[in-house]
Structure formats: C-alpha cells, structure tokens
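Counting starts at 1 for both ligands and their atoms, in listed order. Since the structure is predicted, the reported quantities are computational estimates derived from the model, not experimental observations.
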Amino acid sequence: MTYKSHLLWAVLAGSASWAAVQVVPLPGVGRLPVGGANEFMLWMAAAVVGGLFPDVDHPHSRMGRAMPLVSWLVRCIAGHRGLTHSLAFLALVGGGLFCFVSMPIGLGFAAGYASHLFGDFLTDGGIPLFWPWRRRVGFRLFANGGFAEAALNVVASSAAFYAWWHLH
Ligand SMILES: [Zn+2]
C-alpha cells in the first residue's frame, strides 16, 4: 500500500480501537483506564507512527527518510518487507512501548501497526507475517497503489464516517 493509504488506515484503526476500548471491557481486565483528550491525542499520534513505521526498511519511504540510520540498520538485518512486517515485531515494539512508555502509546501504536500489516497483507507482494519463518503470506488481492486500493480506501472511510455519524 502507498504511504497515503497507510496513513488513512492508521487514522481509521486508531479511532476505531480508541472507540472500542471506551465501551468494550477486556476479558479479565475490565474497562481500560484510558480516556480524555490528552490520552486520545497520544493514542492517535502513536497509531499514525505505528501505521507508517513498518516501511522504515524502505529507503525512500517517509519513515525511511526521516530515520535514515534506523532504516539502513533494519534493511541490513532483514531487507524490505522483512522483519518489520511481522507479528513478532509488532508484539515486540508494541509490548515494549506498553510496558516501558505508556499504555495509550503502546496500544495506539499496535493498532496503527496492525492496520499496516493488514493493508500490505491484501496487496500482491504479501508479507512475512510469521517471521522468522520467511515465507510471504497474504490475500494478494490487488497491486500496490492501484485502482482497487483507492476504491478500498473510499469504502473504508465511508464506513468509518457512517459508524461515527450513527454512534457518537
Ligand atoms: Zn509496508
């Protein structure tokens, strides 16, 4: 998926997950103690960073250009659409942020990150979701950045707007 699609999906995933934790109690945990404008801003900022971060391993991506050293390091270790496009990396970084930084940042980041993996899972390259098993998996429904991707973006935004309009 393109940078813009990932950005859109990160914002949608961030707001949907935020709305969900406000109303749905987690099994064994109950309602999460998050709320208020400040935590919402943190959550959304983390979701956007999480949604764009996986492509840090591409030198020409926004994240790759913003953090050239990190980009180079990750590329050396795993190549593009390698380790950063896996559940293992999501759990590692999201869990780390959750435990050592803050809960809203960790969960928001994980929501955005998951939206990125989901988006790339749909496109024709596939991703090594179960890294270190290197096999790329995915639905491979459409080409990166093509018409189908744009159409899906429109459908997802309309659905989100519809949900927001009827639920808030
Ligand atoms: Zn990607």
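- Checked by atom type and distance alone, the side chain of Asp120 pairs as donor or acceptor with a backbone atom of Met1 at under 3.5 Å.
- Distances from the Zn ion (ligand 1) to each N, O or S atom of Asp120 single out OD2 as the nearest.
- A donor-acceptor pair is defined here as one N or O able to donate and one able to accept, closer than 3.5 Å; no such pair exists between the side chain of Arg136 and the backbone of Ile127.
- At least one donor-acceptor pair closer than 3.5 Å links the side chain of Tyr113 to the backbone N or O of Thr84.
- Taking backbone and side chain together, His85 holds an N, O or S atom under 2.8 Å from the Zn ion (ligand 1).
- Pairs of residues two or more places apart, or lying in two chains, that qualify as side chain to side chain donor-acceptor pair (under 3.5 Å) and include a residue from residues 61-72 are Ser71-Arg75.
- Among heteroatoms of the N, O or S kind in Asp55, OD1 lies nearest the Zn ion (ligand 1).
- The distance from the Zn ion (ligand 1) to the nearest N/O/S atom of His116 is under 2.8 Å.
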